[in-house]
Undergrad: 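Sending over a structure as structure tokens; questions will come in a sec.
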Protein chains: 2
Amino acid sequence: MTPDPDGETEPRRIKSVRTGSDIIDVVKRLQGGTLAEISAEIDLTKGTVYTYLQTLVDSGFVTKREGEYRLSFRFIALGEHVRNETGLYVAGHDVIDDLADRTGEYVHLIAEERNRIAVLYESHGDRAIAKDYHLRMRETPQYFHDTAAGKAILAHLPSDRRDAILEAHEFEGQTKNTITDAPTLRETLAEIRERGYALNDEEEIRGMRAVGAPILDSDETVVGAVSVTAPTSRLSDDRFRSTMPKRVIEAANLIEVNLETAQIDR
Amino acid sequence: MTPDPDGETEPRRIKSVRTGSDIIDVVKRLQGGTLAEISAEIDLTKGTVYTYLQTLVDSGFVTKREGEYRLSFRFIALGEHVRNETGLYVAGHDVIDDLADRTGEYVHLIAEERNRIAVLYESHGDRAIAKDYHLRMRETPQYFHDTAAGKAILAHLPSDRRDAILEAHEFEGQTKNTITDAPTLRETLAEIRERGYALNDEEEIRGMRAVGAPILDSDETVVGAVSVTAPTSRLSDDRFRSTMPKRVIEAANLIEVNLETAQIDR
DNA sequence: GACTAATGTTTGATAGTTACAAACATACTG
DNA sequence: CAGTATGTTTGTAACTATCAAACATTAGTC
């Protein structure tokens, strides 16, 4: 191994697995690409990319439909598998559906992984709108600072992990309401801890408000969050700061109870 | 390249990508495994498997929770991505929910990929039971011969593709009702083509019946199927052969209309 | 339908990665 | 605290991945 300039050695990795993963990312982003298009995005010759794509097709990650490479349906099955082995999903699934029915809005079950938030499950009632937004939300990993669920989780993480995240990330401003500086964010998080729920007042996208509550373990470790998202017009101040938080917290508590009685590993 | 014994050369593949895929499969199957457990399943030294796992964690496919490697939440997002770029899902999603509400049973939206059936979406009404079964159904790729949706698709595939599948597979008998020989299966498929829907009379698991109808393209190519599954006790002969087929076909037709008006690529 | 351009596929050679083996470190067990 | 299982690191030999360039196929044009 060649030692780094600063004497540290890089940990050993399998380069071809990384390359394979890169190609999967490109195929995902392109939503259907030809060999030429895909190799244009990757710093390898088309011959090499060709071999990778054949291998990925063989392994069932990619399929070729109508001359274009796409991610295969196998990911749907893999996604369901991950869900069903996740205690939080099993415990929360029905509660989320219920909350969606009763509020009529979009409801999310969120977990944390690799210092990002991940959507475990989404359900919506019949008044829910802005489907395109939620589509994006479901598909791309999100940060903590500009969503209600994210802030609810971040507020309840052990302080060392919270510090690490606050230091590691630049907080991009999605709207003029987004909190972009660490000190203000810290204050908000302290508030959230006190009152038990988090708000998102058009901080992620204009015209949408959200309320989120953390889901805690039997030993007070945060394992996820629930959130309800609705247009500001339907979440007037009173509902936004009183009625809805109550409901969201209630749902979070229900999930906590399910988690504890089930004793399924998260 | 070393030529094969029979003079044919194997197409070139990236061996490490295959190995990575194999390890992902093992991690999936073990539902949380330690390095020792995972390397026991793979014909590589633990040092090598260690490097693979580190790489897979880096790339976001695998996470380590409580000392065990598991598939990461990223697969949920990838699965949703695949769904949402699939025209059939976009066109069929609401119709399936509707049918589940009205029948109260399990409803599946099925597509075909790599000579297997793949569950694109599942919805269930409030009478649906046997959740464990459906879990398995959702997670593992299935064959055509022992499900209603599978037979509906197989019946409408172009004859060359159908022949290829019929020849390639041994038809395992799941129950005493499963059709296991190609000639009988061919007869059944001809019937299905004539009457427009397929039945599964406890052929996959005992006590469960299902009705499936194909979803056809504007040029009569089959792109998928809808099916309703219910316990035999609630699908008496009359419902099984008359009422339910009508509903399932209706749903399939609705999806066909959605597909054509939307003109989203499949 | 012949000609051209673009895209996809195959292959020999070699730079460089992978996989082994074996040592080292750490965590569990009685 | 010894003993054992599990996880991590590393030098090196063997083999793979990658390039480059040729070849094949398909699509586009006049």
Undergrad: Are any of A:Y50's side-chain N or O atoms less than 4.0 Å away from OP1 or OP2 of C:dG8?
TA: no
Undergrad: What is the distance from CG of A:L53 to P of D:dT18, rounded to the nearest Å?
TA: 12 Å
Undergrad: Output the rounded distance in Å from CD (B:E10) to P (C:dT11).
TA: 13 Å
Undergrad: Hey, does the Lys NZ or Arg CZ of A:R114 hover above the aromatic six-ring of A:Y143, less than 6.0 Å from the centre and inside 45° of the axis?
TA: no
Undergrad: Could you go step by step and tell me if B:R186 and B:D163 meet the salt bridge (charged side-chain N to carboxylate O under 4.0 Å, His left out) rule?
TA: CA-CA 10 Å; B:R186 271 180 200 283; B:D163 292 342; 3.0 Å; yes
Undergrad: Taking atom C1' of C:dT18 as reference, at what distance in whole Å does atom CD1 of B:I42 sit?
TA: 15 Å
Undergrad: How long is the line joining CD of B:Q54 and C1' of C:dA19, in whole Å?
TA: 16 Å
Undergrad: Taking the side chain of B:R12 as its heavy atoms from C-beta onward, which of C:dG8, C:dT11, D:dT8 lies nearest to it?
TA: C:dT11
Undergrad: Go nucleotide by nucleotide along DNA chain C from the 5' end; which of A:T48 and B:D43 gets its closest nucleotide reached first?
TA: A:T48
Undergrad: Heavy-atom nearest nucleotide on DNA chain D for A:T19 versus B:G47: which residue maps closer to 5'?
TA: B:G47
Undergrad: State which of C:dA19, C:dT9, D:dT18 makes the closest approach to the side chain of A:K15.
TA: D:dT18
Undergrad: Can you figure out which of D:dT8, D:dT18, C:dA19 approaches the side chain of B:Y52 most closely?
TA: C:dA19
Undergrad: Would you say the side chain of A:V226 lies within less than 4.5 Å of the side chain of A:I96, judging by non-hydrogen atoms?
TA: yes
Undergrad: Between A:E37 and A:L30, is any pair of side-chain heavy atoms under 4.5 Å apart?
TA: yes
Undergrad: Return the angle between end axes of the helix from C:dG1-D:dC30 to C:dG30-D:dC1, with five pairs used per end and rounding to 10°.
TA: 60°
Undergrad: Measure the distance from CG on B:L35 to P on D:dT6 and round it to the nearest whole Å.
TA: 10 Å
Undergrad: For A:I38 and C:dT9, give me the distance from atom CD1 to atom C1', rounded to whole Å.
TA: 15 Å
Undergrad: Starting at the 5' end of DNA chain C, which residue's closest nucleotide do you reach first, B:R13 or A:V17?
TA: B:R13
Undergrad: Could you pull out the closest heavy-atom pair between B:N84 and B:V90, with the gap in Å?
TA: O-CG2, 3.7 Å
Undergrad: Is it the case that A:S16 and A:T19 place a side-chain donor and acceptor less than 3.5 Å from each other?
TA: no
Undergrad: Tell me what A:T51 touches on the nucleic acid: a base, only sugar-phosphate, or nothing, going by heavy atoms under 4.0 Å.
TA: nothing
Undergrad: Between C:dG8, D:dT18, D:dG7, spot the one nearest the side chain of B:K46, thanks.
TA: D:dG7
Undergrad: Quick one: is A:S16 getting a side-chain N or O under 4.0 Å of the C:dT17 phosphate, OP1 or OP2?
TA: no
Undergrad: What is the distance from CZ of B:R18 to C1' of C:dT17, rounded to the nearest Å?
TA: 18 Å
Undergrad: Measuring from the side chain of B:K64 (C-beta onward, heavy atoms only), which nucleotide among D:dT18, D:dT8, C:dT18 has the closest atom?
TA: D:dT8
Undergrad: Counting only side-chain nitrogens and oxygens, does A:T45 get under 4.0 Å of the OP1 or OP2 atom of D:dC19?
TA: yes
Undergrad: Quick check: are there more than 12 heavy atoms from other residues, nucleotides or ligands sitting under 6.0 Å from CG of B:D160?
TA: yes
Undergrad: Without decimals, in angstroms, what is the distance between A:I14 CD1 and D:dC15 P?
TA: 16 Å
Undergrad: Tell me, please, whether A:F61 has A:R74 positioned over its six-membered ring: NZ or CZ under 6.0 Å from the ring centre and within 45 degrees of its axis?
TA: yes
Undergrad: With the side chain of B:A36 defined as its heavy atoms from C-beta on, choose the nearest nucleotide among D:dT6, D:dC19, C:dA19.
TA: D:dT6
